[in-house]
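What follows is one structure encoded as C-alpha coordinates, with my remarks underneath.
Sequence lines set the chain letters: A, B, ... in the order given, protein chains first and strands last, and positions in each chain run from 1. Keep in mind that this is a model prediction, so the values were computed, not measured.
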Protein chains: 2
Amino acid sequence: MASDHTRSAILAAAERLYADRGFGDVTLRDIVAEANVNLAAVNYHFGSKDELIAELFVTRSIATNRERLRELKAAEEQGGGRAPIEVILHALVGPTLRGCLGPENQRSTAARFMIRASIESVPPIRRIKNREIDHLRKFAGAMRRALPERSDVDIYWGLNFALAMAHHTIRESERLTKLSEGKCDLDDVEDVVARVVSVATMALTAGKAETKAPSRVAAR
Amino acid sequence: MASDHTRSAILAAAERLYADRGFGDVTLRDIVAEANVNLAAVNYHFGSKDELIAELFVTRSIATNRERLRELKAAEEQGGGRAPIEVILHALVGPTLRGCLGPENQRSTAARFMIRASIESVPPIRRIKNREIDHLRKFAGAMRRALPERSDVDIYWGLNFALAMAHHTIRESERLTKLSEGKCDLDDVEDVVARVVSVATMALTAGKAETKAPSRVAAR
DNA sequence: TTGCAATTCAAACAGTTGTATGAAACTATC
DNA sequence: GATAGTTTCATACAACTGTTTGAATTGCAA
(Lines give C-alpha, C1' and ligand atoms only; values in the text may rest on other atoms or scores of the structure.)
Protein backbone atom coordinates (compact mmCIF):
# COMPACT_ATOMS: atom_id res chain seq x y z
CA MET A 1 0.00 0.00 0.00
CA ALA A 2 1.25 3.43 -1.00
CA SER A 3 4.60 4.18 -2.48
CA ASP A 4 6.64 3.76 0.71
CA HIS A 5 9.39 5.64 -1.03
CA THR A 6 9.39 8.62 1.29
CA ARG A 7 9.24 6.41 4.34
CA SER A 8 12.32 4.42 3.51
CA ALA A 9 14.19 7.47 2.27
CA ILE A 10 13.70 8.98 5.72
CA LEU A 11 14.81 5.82 7.46
CA ALA A 12 17.95 5.59 5.37
CA ALA A 13 18.85 9.25 5.75
CA ALA A 14 18.22 9.22 9.47
CA GLU A 15 20.32 6.15 10.03
CA ARG A 16 23.16 7.61 8.03
CA LEU A 17 23.12 10.95 9.84
CA TYR A 18 22.75 9.47 13.30
CA ALA A 19 25.58 7.06 12.58
CA ASP A 20 27.86 9.86 11.43
CA ARG A 21 27.03 12.69 13.80
CA GLY A 22 25.22 11.19 16.76
CA PHE A 23 21.74 11.79 18.07
CA GLY A 24 22.66 14.97 19.84
CA ASP A 25 23.07 17.26 16.90
CA VAL A 26 20.92 15.85 14.16
CA THR A 27 17.60 17.63 13.79
CA LEU A 28 14.53 16.67 11.84
CA ARG A 29 15.44 19.38 9.38
CA ASP A 30 18.81 17.75 8.76
CA ILE A 31 17.13 14.45 8.12
CA VAL A 32 14.51 15.70 5.69
CA ALA A 33 17.15 17.68 3.83
CA GLU A 34 19.30 14.57 3.44
CA ALA A 35 16.29 12.55 2.35
CA ASN A 36 14.95 15.26 0.04
CA VAL A 37 11.51 15.14 1.56
CA ASN A 38 9.29 17.62 3.30
CA LEU A 39 9.66 18.41 6.98
CA ALA A 40 6.15 17.25 7.80
CA ALA A 41 6.80 13.84 6.29
CA VAL A 42 8.50 12.54 9.42
CA ASN A 43 5.50 13.21 11.60
CA TYR A 44 3.16 11.97 8.91
CA HIS A 45 4.90 8.64 8.51
CA PHE A 46 6.28 8.00 11.97
CA GLY A 47 4.23 10.11 14.34
CA SER A 48 7.19 11.71 16.06
CA LYS A 49 10.94 11.96 16.05
CA ASP A 50 11.25 9.52 18.93
CA GLU A 51 9.19 6.93 17.13
CA LEU A 52 11.47 7.25 14.13
CA ILE A 53 14.51 6.60 16.30
CA ALA A 54 12.73 3.74 18.03
CA GLU A 55 11.83 2.11 14.73
CA LEU A 56 15.42 2.31 13.54
CA PHE A 57 16.73 0.78 16.73
CA VAL A 58 14.07 -1.91 17.01
CA THR A 59 14.67 -3.04 13.46
CA ARG A 60 18.36 -3.44 14.05
CA SER A 61 18.16 -5.06 17.43
CA ILE A 62 15.56 -7.64 16.59
CA ALA A 63 17.83 -8.63 13.73
CA THR A 64 20.70 -9.11 16.18
CA ASN A 65 18.55 -10.89 18.71
CA ARG A 66 17.16 -13.25 16.10
CA GLU A 67 20.69 -14.09 15.02
CA ARG A 68 21.69 -14.73 18.62
CA LEU A 69 18.76 -17.04 19.27
CA ARG A 70 19.30 -18.85 16.01
CA GLU A 71 22.87 -19.70 17.04
CA LEU A 72 21.77 -20.65 20.52
CA LYS A 73 18.93 -22.86 19.42
CA ALA A 74 21.06 -24.62 16.82
CA ALA A 75 23.73 -25.32 19.41
CA GLU A 76 21.31 -26.67 22.01
CA GLU A 77 19.51 -28.88 19.52
CA GLN A 78 22.78 -30.30 18.33
CA GLY A 79 23.79 -31.05 21.91
CA GLY A 80 20.47 -32.62 22.82
CA GLY A 81 19.16 -29.69 24.84
CA ARG A 82 22.50 -28.80 26.37
CA ALA A 83 25.21 -26.78 24.63
CA PRO A 84 28.80 -26.18 25.73
CA ILE A 85 29.20 -22.91 27.59
CA GLU A 86 31.67 -21.57 25.03
CA VAL A 87 29.15 -21.98 22.27
CA ILE A 88 26.43 -20.29 24.27
CA LEU A 89 28.68 -17.34 24.97
CA HIS A 90 29.67 -17.27 21.34
CA ALA A 91 26.02 -16.99 20.37
CA LEU A 92 25.56 -14.23 22.92
CA VAL A 93 28.39 -11.90 21.97
CA GLY A 94 29.22 -13.00 18.42
CA PRO A 95 26.40 -11.34 16.50
CA THR A 96 26.78 -8.03 18.31
CA LEU A 97 30.52 -7.87 17.87
CA ARG A 98 30.35 -9.04 14.29
CA GLY A 99 27.71 -6.41 13.60
CA CYS A 100 29.61 -3.51 15.12
CA LEU A 101 33.32 -4.18 14.58
CA GLY A 102 35.34 -4.96 11.50
CA PRO A 103 37.24 -2.72 9.07
CA GLU A 104 35.87 0.77 9.39
CA ASN A 105 35.65 1.57 5.72
CA GLN A 106 33.50 -1.46 5.07
CA ARG A 107 31.46 -1.06 8.20
CA SER A 108 27.81 -0.79 7.32
CA THR A 109 25.65 2.17 8.18
CA ALA A 110 23.60 -0.13 10.37
CA ALA A 111 26.70 -1.09 12.32
CA ARG A 112 27.78 2.48 12.85
CA PHE A 113 24.26 3.35 13.92
CA MET A 114 24.24 0.63 16.54
CA ILE A 115 27.58 1.82 17.87
CA ARG A 116 26.12 5.30 18.27
CA ALA A 117 23.12 3.84 20.01
CA SER A 118 25.37 2.09 22.47
CA ILE A 119 27.42 5.22 23.12
CA GLU A 120 24.85 7.97 23.36
CA SER A 121 21.83 6.31 24.90
CA VAL A 122 18.87 8.53 24.08
CA PRO A 123 15.48 8.08 25.84
CA PRO A 124 13.53 6.13 23.20
CA ILE A 125 16.40 3.69 22.84
CA ARG A 126 16.80 3.27 26.57
CA ARG A 127 13.14 2.36 26.85
CA ILE A 128 13.59 -0.41 24.33
CA LYS A 129 16.75 -1.74 25.92
CA ASN A 130 14.90 -2.19 29.19
CA ARG A 131 12.67 -4.72 27.49
CA GLU A 132 15.67 -6.84 26.57
CA ILE A 133 15.64 -8.70 29.87
CA ASP A 134 13.39 -11.49 28.69
CA HIS A 135 15.76 -12.10 25.85
CA LEU A 136 18.74 -12.33 28.19
CA ARG A 137 16.87 -14.72 30.45
CA LYS A 138 16.88 -17.27 27.66
CA PHE A 139 20.65 -17.18 27.67
CA ALA A 140 20.77 -17.40 31.44
CA GLY A 141 18.64 -20.52 31.15
CA ALA A 142 20.92 -22.10 28.58
CA MET A 143 23.95 -21.28 30.70
CA ARG A 144 22.33 -22.87 33.73
CA ARG A 145 21.73 -26.03 31.75
CA ALA A 146 25.32 -26.02 30.58
CA LEU A 147 26.71 -25.53 34.07
CA PRO A 148 24.20 -27.13 36.42
CA GLU A 149 26.64 -27.22 39.32
CA ARG A 150 27.10 -23.48 39.17
CA SER A 151 25.09 -21.12 41.35
CA ASP A 152 22.62 -18.70 39.82
CA VAL A 153 24.63 -15.79 41.13
CA ASP A 154 27.73 -16.95 39.29
CA ILE A 155 25.73 -17.49 36.12
CA TYR A 156 24.37 -13.97 36.17
CA TRP A 157 27.75 -12.49 36.92
CA GLY A 158 29.25 -14.42 34.05
CA LEU A 159 26.53 -13.24 31.72
CA ASN A 160 27.04 -9.69 32.92
CA PHE A 161 30.79 -9.83 32.37
CA ALA A 162 30.43 -11.33 28.91
CA LEU A 163 28.12 -8.54 27.81
CA ALA A 164 30.38 -6.05 29.55
CA MET A 165 33.43 -7.03 27.56
CA ALA A 166 31.57 -7.11 24.26
CA HIS A 167 29.77 -3.82 24.64
CA HIS A 168 32.65 -1.93 26.21
CA THR A 169 34.98 -3.07 23.46
CA ILE A 170 32.53 -1.71 20.90
CA ARG A 171 31.94 1.53 22.75
CA GLU A 172 35.59 2.21 23.39
CA SER A 173 37.12 0.61 20.34
CA GLU A 174 38.64 3.89 19.27
CA ARG A 175 40.24 4.46 22.63
CA LEU A 176 41.60 0.93 22.81
CA THR A 177 43.20 1.34 19.42
CA LYS A 178 44.79 4.60 20.49
CA LEU A 179 45.86 3.29 23.88
CA SER A 180 47.50 0.22 22.39
CA GLU A 181 48.93 2.22 19.51
CA GLY A 182 47.21 -0.05 17.07
CA LYS A 183 48.55 -3.24 18.62
CA CYS A 184 45.04 -4.44 19.44
CA ASP A 185 43.49 -5.24 16.10
CA LEU A 186 39.78 -4.44 16.35
CA ASP A 187 39.28 -5.34 12.71
CA ASP A 188 39.99 -9.01 13.35
CA VAL A 189 36.49 -9.58 14.67
CA GLU A 190 36.77 -13.31 15.18
CA ASP A 191 39.84 -12.81 17.32
CA VAL A 192 37.94 -10.33 19.47
CA VAL A 193 35.02 -12.73 19.78
CA ALA A 194 37.39 -15.54 20.76
CA ARG A 195 39.02 -13.39 23.43
CA VAL A 196 35.73 -12.35 24.97
CA VAL A 197 34.36 -15.89 24.92
CA SER A 198 37.56 -17.26 26.36
CA VAL A 199 37.64 -14.87 29.31
CA ALA A 200 33.93 -15.23 29.99
CA THR A 201 34.28 -18.99 29.95
CA MET A 202 37.07 -18.79 32.49
CA ALA A 203 34.96 -16.54 34.64
CA LEU A 204 32.18 -19.11 34.62
CA THR A 205 34.17 -22.29 35.03
CA ALA A 206 37.25 -21.50 37.08
CA GLY A 207 37.60 -21.91 40.84
CA LYS A 208 35.48 -23.72 43.32
CA ALA A 209 32.24 -21.89 42.62
CA GLU A 210 31.98 -20.46 46.09
CA THR A 211 28.65 -18.84 46.63
CA LYS A 212 30.48 -15.79 47.80
CA ALA A 213 33.92 -15.04 46.46
CA PRO A 214 36.34 -14.13 49.24
CA SER A 215 38.29 -10.94 48.85
CA ARG A 216 41.60 -12.15 47.52
CA VAL A 217 43.33 -8.84 47.67
CA ALA A 218 44.71 -7.01 50.67
CA ALA A 219 42.59 -3.92 51.15
CA ARG A 220 45.65 -1.78 51.56
CA MET B 1 38.46 36.18 46.86
CA ALA B 2 34.75 36.86 46.79
CA SER B 3 32.08 34.99 48.66
CA ASP B 4 32.09 31.90 46.44
CA HIS B 5 28.73 31.08 47.90
CA THR B 6 26.78 31.35 44.67
CA ARG B 7 29.37 29.38 42.79
CA SER B 8 29.28 26.38 45.05
CA ALA B 9 25.52 26.55 45.40
CA ILE B 10 25.29 26.17 41.63
CA LEU B 11 27.75 23.30 41.60
CA ALA B 12 25.87 21.47 44.32
CA ALA B 13 22.46 22.03 42.77
CA ALA B 14 23.65 21.03 39.31
CA GLU B 15 25.26 17.86 40.55
CA ARG B 16 22.15 16.91 42.46
CA LEU B 17 19.82 17.53 39.53
CA TYR B 18 22.01 15.86 36.95
CA ALA B 19 22.42 12.87 39.24
CA ASP B 20 18.67 12.55 39.71
CA ARG B 21 17.29 13.39 36.32
CA GLY B 22 20.13 13.10 33.83
CA PHE B 23 21.70 15.69 31.58
CA GLY B 24 19.00 15.46 28.99
CA ASP B 25 16.20 17.20 30.79
CA VAL B 26 17.84 19.52 33.26
CA THR B 27 17.96 23.10 32.07
CA LEU B 28 19.86 26.07 33.42
CA ARG B 29 16.59 27.36 34.76
CA ASP B 30 16.10 24.19 36.77
CA ILE B 31 19.56 24.54 38.22
CA VAL B 32 19.30 28.16 39.24
CA ALA B 33 15.88 27.53 40.77
CA GLU B 34 17.28 24.68 42.85
CA ALA B 35 20.25 26.79 43.86
CA ASN B 36 18.16 29.90 44.55
CA VAL B 37 20.36 32.07 42.40
CA ASN B 38 19.81 34.18 39.32
CA LEU B 39 19.80 32.73 35.84
CA ALA B 40 22.72 34.83 34.72
CA ALA B 41 24.89 33.55 37.54
CA VAL B 42 25.83 30.39 35.68
CA ASN B 43 27.29 32.24 32.73
CA TYR B 44 28.91 34.76 35.03
CA HIS B 45 30.70 32.16 37.14
CA PHE B 46 31.31 29.38 34.65
CA GLY B 47 31.13 30.95 31.21
CA SER B 48 28.66 28.47 29.79
CA LYS B 49 26.58 25.46 30.63
CA ASP B 50 29.10 23.10 29.12
CA GLU B 51 31.89 24.51 31.22
CA LEU B 52 29.79 23.97 34.31
CA ILE B 53 29.29 20.33 33.41
CA ALA B 54 32.96 19.96 32.57
CA GLU B 55 34.01 21.40 35.92
CA LEU B 56 31.74 19.01 37.77
CA PHE B 57 33.10 16.03 35.89
CA VAL B 58 36.74 17.06 36.07
CA THR B 59 36.55 17.56 39.80
CA ARG B 60 35.13 14.12 40.36
CA SER B 61 37.36 12.25 37.99
CA ILE B 62 40.64 13.72 39.15
CA ALA B 63 39.60 12.65 42.62
CA THR B 64 39.10 9.10 41.39
CA ASN B 65 42.29 9.11 39.37
CA ARG B 66 44.31 10.39 42.29
CA GLU B 67 42.91 7.62 44.45
CA ARG B 68 43.80 5.05 41.78
CA LEU B 69 47.37 6.27 41.46
CA ARG B 70 47.80 6.46 45.21
CA GLU B 71 46.90 2.78 45.50
CA LEU B 72 49.09 1.86 42.57
CA LYS B 73 52.10 3.77 43.76
CA ALA B 74 51.83 2.38 47.28
CA ALA B 75 51.66 -1.15 45.94
CA GLU B 76 54.62 -0.76 43.61
CA GLU B 77 56.77 0.86 46.29
CA GLN B 78 55.96 -1.91 48.69
CA GLY B 79 56.93 -4.50 46.11
CA GLY B 80 60.15 -2.76 45.14
CA GLY B 81 58.89 -1.37 41.85
CA ARG B 82 56.81 -4.37 40.96
CA ALA B 83 53.33 -5.08 42.30
CA PRO B 84 51.23 -8.24 41.95
CA ILE B 85 48.80 -8.04 39.09
CA GLU B 86 45.80 -8.48 41.37
CA VAL B 87 46.79 -5.45 43.37
CA ILE B 88 47.27 -3.35 40.26
CA LEU B 89 43.84 -4.32 38.97
CA HIS B 90 42.42 -3.63 42.38
CA ALA B 91 43.85 -0.12 42.24
CA LEU B 92 42.42 0.31 38.74
CA VAL B 93 38.81 -0.68 39.32
CA GLY B 94 38.44 -0.37 43.09
CA PRO B 95 38.07 3.41 43.42
CA THR B 96 35.59 3.65 40.57
CA LEU B 97 33.41 0.81 41.80
CA ARG B 98 33.61 1.96 45.38
CA GLY B 99 32.65 5.46 44.26
CA CYS B 100 29.64 4.41 42.20
CA LEU B 101 28.15 1.33 43.85
CA GLY B 102 27.03 0.62 47.38
CA PRO B 103 23.64 0.92 49.07
CA GLU B 104 21.54 3.30 47.07
CA ASN B 105 20.15 5.28 49.96
CA GLN B 106 23.61 6.09 51.23
CA ARG B 107 25.10 6.64 47.79
CA SER B 108 26.57 10.10 47.55
CA THR B 109 25.43 12.70 45.08
CA ALA B 110 28.87 12.56 43.56
CA ALA B 111 28.53 8.84 42.98
CA ARG B 112 25.15 9.15 41.36
CA PHE B 113 26.47 11.97 39.20
CA MET B 114 29.33 9.84 37.96
CA ILE B 115 26.94 7.03 37.12
CA ARG B 116 24.90 9.44 35.03
CA ALA B 117 28.04 10.64 33.34
CA SER B 118 28.93 7.08 32.41
CA ILE B 119 25.43 6.37 31.10
CA GLU B 120 24.53 9.48 29.17
CA SER B 121 27.80 10.69 27.76
CA VAL B 122 27.30 14.33 26.85
CA PRO B 123 29.79 16.22 24.63
CA PRO B 124 31.79 18.15 27.26
CA ILE B 125 32.28 14.97 29.25
CA ARG B 126 33.31 12.95 26.24
CA ARG B 127 35.97 15.50 25.46
CA ILE B 128 37.46 15.07 28.90
CA LYS B 129 37.34 11.29 28.83
CA ASN B 130 39.47 11.30 25.70
CA ARG B 131 42.29 12.83 27.67
CA GLU B 132 42.30 9.90 30.08
CA ILE B 133 44.65 7.84 27.97
CA ASP B 134 47.84 9.05 29.61
CA HIS B 135 46.42 8.03 32.92
CA LEU B 136 45.65 4.53 31.68
CA ARG B 137 49.13 4.19 30.23
CA LYS B 138 50.55 4.31 33.73
CA PHE B 139 48.53 1.24 34.59
CA ALA B 140 49.56 -0.49 31.39
CA GLY B 141 53.17 0.15 32.42
CA ALA B 142 52.66 -1.32 35.86
CA MET B 143 50.93 -4.35 34.40
CA ARG B 144 53.80 -4.89 31.99
CA ARG B 145 56.23 -4.85 34.89
CA ALA B 146 54.08 -7.32 36.78
CA LEU B 147 53.80 -9.69 33.83
CA PRO B 148 56.99 -9.22 31.80
CA GLU B 149 56.48 -12.44 29.88
CA ARG B 150 53.12 -11.27 28.61
CA SER B 151 52.77 -9.57 25.23
CA ASP B 152 51.67 -5.97 25.00
CA VAL B 153 48.56 -7.00 23.14
CA ASP B 154 47.46 -9.24 25.98
CA ILE B 155 48.18 -6.51 28.51
CA TYR B 156 46.01 -4.02 26.69
CA TRP B 157 43.21 -6.50 26.24
CA GLY B 158 43.35 -7.34 29.93
CA LEU B 159 43.21 -3.68 30.84
CA ASN B 160 40.33 -3.19 28.44
CA PHE B 161 38.37 -6.09 29.89
CA ALA B 162 38.95 -4.98 33.47
CA LEU B 163 37.59 -1.53 32.73
CA ALA B 164 34.78 -3.10 30.73
CA MET B 165 33.55 -5.20 33.62
CA ALA B 166 33.78 -2.35 36.11
CA HIS B 167 32.09 0.29 33.99
CA HIS B 168 29.42 -1.97 32.54
CA THR B 169 28.50 -3.22 35.99
CA ILE B 170 28.04 0.37 37.11
CA ARG B 171 26.11 1.39 34.00
CA GLU B 172 23.82 -1.59 34.05
CA SER B 173 23.63 -2.23 37.75
CA GLU B 174 19.90 -1.74 37.72
CA ARG B 175 19.40 -4.20 34.89
CA LEU B 176 21.65 -6.79 36.51
CA THR B 177 19.67 -6.55 39.72
CA LYS B 178 16.43 -7.00 37.82
CA LEU B 179 17.75 -9.79 35.63
CA SER B 180 19.07 -11.75 38.59
CA GLU B 181 16.00 -10.94 40.65
CA GLY B 182 18.18 -9.44 43.32
CA LYS B 183 20.48 -12.45 43.57
CA CYS B 184 23.47 -10.39 42.50
CA ASP B 185 24.15 -8.06 45.38
CA LEU B 186 25.46 -4.81 43.96
CA ASP B 187 25.59 -3.27 47.40
CA ASP B 188 28.39 -5.56 48.51
CA VAL B 189 30.99 -3.46 46.74
CA GLU B 190 34.03 -5.38 47.89
CA ASP B 191 32.53 -8.57 46.53
CA VAL B 192 32.00 -6.90 43.18
CA VAL B 193 35.56 -5.60 43.17
CA ALA B 194 36.86 -9.05 44.03
CA ARG B 195 34.90 -10.63 41.20
CA VAL B 196 36.11 -8.14 38.62
CA VAL B 197 39.72 -8.39 39.78
CA SER B 198 39.53 -12.16 39.84
CA VAL B 199 38.24 -12.47 36.29
CA ALA B 200 40.61 -9.85 34.94
CA THR B 201 43.51 -11.63 36.60
CA MET B 202 42.52 -14.88 34.95
CA ALA B 203 42.28 -13.12 31.62
CA LEU B 204 45.82 -11.86 32.04
CA THR B 205 47.51 -14.91 33.45
CA ALA B 206 45.76 -17.98 32.09
CA GLY B 207 46.79 -19.93 29.03
CA LYS B 208 49.97 -19.95 27.08
CA ALA B 209 49.97 -16.29 26.16
CA GLU B 210 49.73 -16.95 22.48
CA THR B 211 50.30 -13.79 20.51
CA LYS B 212 47.12 -14.56 18.72
CA ALA B 213 44.39 -16.49 20.40
CA PRO B 214 43.11 -19.27 18.17
CA SER B 215 39.41 -19.42 17.63
CA ARG B 216 38.34 -22.07 20.12
CA VAL B 217 34.76 -22.21 19.03
CA ALA B 218 33.26 -23.81 15.99
CA ALA B 219 31.95 -21.05 13.80
CA ARG B 220 28.75 -22.89 13.24
C1' DT C 1 -13.32 12.17 -16.59
C1' DT C 2 -14.89 12.34 -12.03
C1' DG C 3 -14.39 11.61 -7.22
C1' DC C 4 -12.02 10.27 -3.18
C1' DA C 5 -8.39 9.08 -0.48
C1' DA C 6 -3.50 9.23 0.40
C1' DT C 7 0.41 11.98 0.29
C1' DT C 8 3.20 16.17 -0.07
C1' DC C 9 4.13 20.79 0.76
C1' DA C 10 4.99 25.62 2.55
C1' DA C 11 4.22 28.03 6.31
C1' DA C 12 3.55 29.03 10.82
C1' DC C 13 3.16 27.76 15.71
C1' DA C 14 4.33 27.30 20.42
C1' DG C 15 7.55 26.28 23.40
C1' DT C 16 12.12 25.99 25.15
C1' DT C 17 16.82 26.72 25.20
C1' DG C 18 21.45 29.00 26.41
C1' DT C 19 23.24 33.52 26.40
C1' DA C 20 23.77 38.70 26.61
C1' DT C 21 22.73 43.24 28.51
C1' DG C 22 22.69 47.05 31.47
C1' DA C 23 21.12 48.70 35.59
C1' DA C 24 21.03 47.80 40.63
C1' DA C 25 23.03 46.07 44.88
C1' DC C 26 26.67 44.87 47.33
C1' DT C 27 31.71 44.83 49.34
C1' DA C 28 35.94 46.29 50.55
C1' DT C 29 39.58 49.85 50.27
C1' DC C 30 41.21 54.20 51.01
C1' DG D 1 31.78 57.91 53.53
C1' DA D 2 33.03 58.25 48.69
C1' DT D 3 34.73 55.18 45.16
C1' DA D 4 36.03 51.33 42.33
C1' DG D 5 35.35 46.65 41.54
C1' DT D 6 32.66 42.72 42.01
C1' DT D 7 28.48 40.29 42.02
C1' DT D 8 23.45 39.95 41.45
C1' DC D 9 19.26 40.71 39.18
C1' DA D 10 15.23 41.22 35.92
C1' DT D 11 14.59 41.08 31.42
C1' DA D 12 15.12 40.54 26.74
C1' DC D 13 17.21 38.22 22.81
C1' DA D 14 17.89 35.24 19.14
C1' DA D 15 17.91 30.93 17.58
C1' DC D 16 16.34 26.47 17.27
C1' DT D 17 13.31 22.69 18.27
C1' DG D 18 9.47 19.20 17.15
C1' DT D 19 4.91 19.55 15.78
C1' DT D 20 0.60 21.14 13.48
C1' DT D 21 -2.30 23.02 9.94
C1' DG D 22 -4.75 23.43 5.84
C1' DA D 23 -4.28 23.86 1.22
C1' DA D 24 -2.18 21.75 -3.04
C1' DT D 25 -0.95 17.71 -5.42
C1' DT D 26 -0.88 13.10 -6.64
C1' DG D 27 -2.55 8.35 -7.62
C1' DC D 28 -6.08 5.22 -8.32
C1' DA D 29 -10.86 3.33 -8.78
C1' DA D 30 -15.36 3.72 -10.83
Side-chain angles (χ1 to χ4, degrees), chain A residues 1-58 113 116-117 120-128, chain B residues 1-58 113 116-117 120-128:
Chain A
M1 48 192 62
S3 77
D4 235 16
H5 171 273
T6 304
R7 220 187 119 85
S8 45
I10 292 174
L11 284 172
E15 187 167 51
R16 211 174 322 140
L17 287 177
Y18 285 141
D20 285 344
R21 294 163 32 193
F23 298 99
D25 50 0
V26 171
T27 71
L28 283 189
R29 283 166 178 82
D30 294 331
I31 294 172
V32 298
E34 177 86 358
N36 280 311
V37 303
N38 186 270
L39 174 59
V42 172
N43 286 274
Y44 178 78
H45 285 280
F46 298 92
S48 72
K49 186 194 187 184
D50 278 10
E51 290 176 79
L52 166 61
I53 295 179
E55 174 156 341
L56 277 170
F57 185 71
V58 166
F113 172 82
R116 278 288 177 194
E120 283 198 28
S121 174
V122 78
I125 290 185
R126 236 170 305 159
R127 277 193 288 272
I128 294 165
Chain B
M1 51 191 55
S3 78
D4 235 17
H5 170 272
T6 304
R7 221 187 118 86
S8 45
I10 293 173
L11 284 172
E15 187 167 52
R16 212 174 321 142
L17 287 177
Y18 285 141
D20 286 343
R21 293 162 33 193
F23 299 98
D25 49 0
V26 171
T27 72
L28 283 189
R29 283 167 178 81
D30 294 331
I31 295 172
V32 299
E34 177 87 0
N36 280 311
V37 301
N38 187 272
L39 174 59
V42 172
N43 285 276
Y44 178 78
H45 285 281
F46 298 92
S48 72
K49 186 194 189 186
D50 278 10
E51 291 176 80
L52 166 61
I53 295 178
E55 175 155 340
L56 276 170
F57 185 71
V58 166
F113 172 82
R116 279 289 177 193
E120 282 199 30
S121 174
V122 80
I125 290 184
R126 238 171 303 159
R127 277 194 287 274
I128 295 164

Can you tell me how far [atom2] of [N] sits from [atom1] of [X], to the nearest Å?
X: B:D50; N: C:dT17; atom1: CG; atom2: P; answer: 15 Å
X: A:I53; N: D:dT17; atom1: CD1; atom2: P; answer: 13 Å
X: A:H5; N: C:dT8; atom1: NE2; atom2: P; answer: 9 Å
X: A:E51; N: D:dT19; atom1: CD; atom2: C1'; answer: 12 Å

For this session: Identify, with sequence neighbours excluded, every residue that meets salt bridge (Lys or Arg N to Asp or Glu O under 4.0 Å) alongside B:E51.
Result: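 Salt bridge (Lys or Arg N to Asp or Glu O under 4.0 Å) list for B:E51, sorted by chain: empty.
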Exercise. Which pairs pass ring pair (Phe, Tyr, Trp, His ring centres under 6.0 Å) with one or both residues in residues 35-56 of chain A, sequence neighbours excluded?
Worked result: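 Listed once each, the pairs would be none.
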Problem set entry | Test item: A:S121 side-chain N/O and A:A117 main-chain N/O as donor-acceptor pair under 3.5 Å |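 No, because the side chain of A:S121 does not come within donor-acceptor range (under 3.5 Å) of the backbone of A:A117.
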Side-chain donor-acceptor pairs under 3.5 Å in residues 31-43 of chain B, sequence neighbours left out?
{"unit_1": "B:E34", "atom_1": "OE2", "unit_2": "B:R16", "atom_2": "NH1", "d": "2.6"}
{"unit_1": "B:N38", "atom_1": "OD1", "unit_2": "B:A40", "atom_2": "N", "d": "2.8"}

Only pairs under 3.5 Å count here: list side-chain donor-acceptor contacts from residues 18-26 of chain B, not counting sequence neighbours, and write none if there are none.
{"unit_1": "B:D20", "atom_1": "OD1", "unit_2": "B:R112", "atom_2": "NH2", "d": "2.2"}
{"unit_1": "B:R21", "atom_1": "NH2", "unit_2": "B:D25", "atom_2": "O", "d": "3.1"}
{"unit_1": "B:R21", "atom_1": "NH2", "unit_2": "B:D30", "atom_2": "OD2", "d": "3.0"}

For this session: Please list residues of residues 10-22 of chain A whose heavy atoms come under 4.0 Å from any atom in DNA chain C, ordered by number; otherwise none.
Result: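 Of all residues in residues 10-22 of chain A, none places a heavy atom under 4.0 Å from DNA chain C.
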Problem set entry | Heavy-atom side-chain proximity of B:V122 to B:I125 below 4.5 angstrom |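 Yes, side chains in contact.
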Problem set entry | Bend angle of the helix from C:dT1-D:dA30 to C:dC30-D:dG1, from helix axes over five pairs at each end, nearest 10° |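 About 0° separates the two local helix axes.
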Exercise. Got a sec, which residues hit side chain to side chain contact (heavy atoms under 4.5 Å, CB included) with B:R127, two or more places apart in sequence or on another chain?
Worked result: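 Here the qualifying residues are B:D50, B:P123, B:P124.
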Problem set entry | Pairs involving residues 6-15 of chain A, ordered by first then second residue, that meet salt bridge (charged side-chain N to carboxylate O under 4.0 Å, His left out) (sequence neighbours left out) |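 Qualifying pairs, neighbours excluded: A:R7-A:E55, A:E15-A:R60.
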Exercise. Are B:T6 and D:dT8 close enough that a side-chain N or O sits under 4.0 Å from OP1 or OP2?
Worked result: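 Looking at the OP1 and OP2 atoms of D:dT8, one of them is under 4.0 Å from a side-chain N or O of B:T6.
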For this session: Could you identify which residues of residues 23-49 of chain A place a heavy atom less than 4.0 Å from some atom of DNA chain D, listed by residue number, or say none?
Result: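 A:T27, A:L28, A:R29, A:L39, A:A40, A:N43, A:S48, A:K49, in order of number.
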